[in-house]
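First comes the structure, then the notes that go with it.
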Amino acid sequence: MTAHREIEPGIAGYLQSHRVGVLATLRKNGPPQQTLVAYHFDGTNFAISVRGFSVKAKNLRRRPEASLAVIDGTTQLIATGRVQIVDDEAEVLRLNLERLKLISTRNETDEEMARRLREEQRVVLLLTPDRFYPPNLT
């Protein structure tokens with residue numbers, strides 16, 4: 001499935017009803033590095049906030065491909081695709097305010113969020129899926 005085609009409704013609904021998955025990137029020497037992450041799926045791509053100096057961000061700067069497994073009991077969905085790293089401070093704040101604040105458990109003002117994002121050197125990973133396994137959920 002390419003990023004330009006409409007995502008199957010069962011897949012879109014499943015991803016939008018969940019918030020946590022396991023992100024896999026590739027280490028410099030080859031084996032995968034996996035991390036539990038929170039995400040926001042807008043029907044097109046996943047937004048994931050990480051520290052810019054994290055292993056996953058370093059891996060993605062080198063090779064901008066990843067997979068995200070979203071698991072709920074015996075149901076699993078794996079999305080694979082390319083990742084864009086957003087590191088512009090204003091754009092990171094905008095994405096956090098528009099998308100990631102929707103899934104946050106923090107109770108902070110916009111100003112507190114902006115300060116925290118700067119202090120934590122946050123970036124936003126935008127994973128655009130090009131393939132799903134399984135290819136549909138019914």
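Counting heavy-atom neighbours within 6.0 Å of Glu112 CD, excluding the residue itself, gives a total above 12. The local environment of CG in Asn29 is crowded, with over 12 non-hydrogen atoms from other residues, nucleotides or ligands closer than 6.0 Å.
Taking the salt bridge (Lys or Arg N to Asp or Glu O under 4.0 Å) definition, one finds that Asp88 meets it with nothing, sequence neighbours left out. His18 meets the ring-ring contact (aromatic ring centres under 6.0 Å, His included) test with Tyr14; sequence neighbours excluded. Scanning for salt bridge (Lys or Arg N to Asp or Glu O under 4.0 Å) contacts around Arg63 gives Glu65, with sequence neighbours left out. With sequence neighbours excluded, no residue forms a salt bridge (Lys or Arg N to Asp or Glu O under 4.0 Å) with Asp72. Among residues two or more places apart in sequence or in another chain, the side chain to side chain contact (heavy atoms under 4.5 Å, CB included) test is passed with Pro134 by Leu77, Leu137. Checked against side chain to side chain contact (heavy atoms under 4.5 Å, CB included), Gln34 has the following partners two or more places apart in sequence or in another chain: Val22, Ala24. In this view, Glu91 and Arg94 satisfy the salt bridge (Lys or Arg N to Asp or Glu O under 4.0 Å) rule, not counting sequence neighbours. Applying the side chain to side chain contact (heavy atoms under 4.5 Å, CB included) test to Gln76 and every residue at least two apart in sequence or in another chain returns Ile71, Ile78. Among residues two or more places apart in sequence or in another chain, the side chain to side chain contact (heavy atoms under 4.5 Å, CB included) test is passed with Val20 by Leu36. For the ring-ring contact (aromatic ring centres under 6.0 Å, His included) test, residues two or more places apart in sequence or in another chain that qualify with Phe41 are Phe46.
Not one N or O on the side chain of Ser54 forms a donor-acceptor pair closer than 3.5 Å with the backbone of Val50. A side-chain donor-acceptor contact under 3.5 Å links Glu8 to the backbone of Gly10. Formation of a donor-acceptor pair under 3.5 Å by the Tyr39 side chain with backbone atoms of Leu15 is found in this model. For the pair Arg131 (side chain) and Thr80 (backbone), a donor-acceptor distance under 3.5 Å is absent.
Val83 and Tyr133 fall into different hydrophobic clusters, where Ile, Leu, Val, Met, Phe, Trp and Tyr are joined by side-chain heavy atoms under 4.5 Å apart, directly or via other members.
Within the structure, the salt bridge (Lys or Arg N to Asp or Glu O under 4.0 Å) test picks out no pair touching residues 11-39 (sequence neighbours left out). Listed by first and then second residue, the salt bridge (Lys or Arg N to Asp or Glu O under 4.0 Å) pairs that reach into residues 33-50 are Asp42-Arg99, sequence neighbours excluded.
Side-chain contact check for Val37 versus Lys56: some heavy-atom pair is nearer than 4.5 Å.
Shown here for Pro135 and Ile11, the closest heavy-atom pair between the two residues is O-CD1, 3.3 Å.
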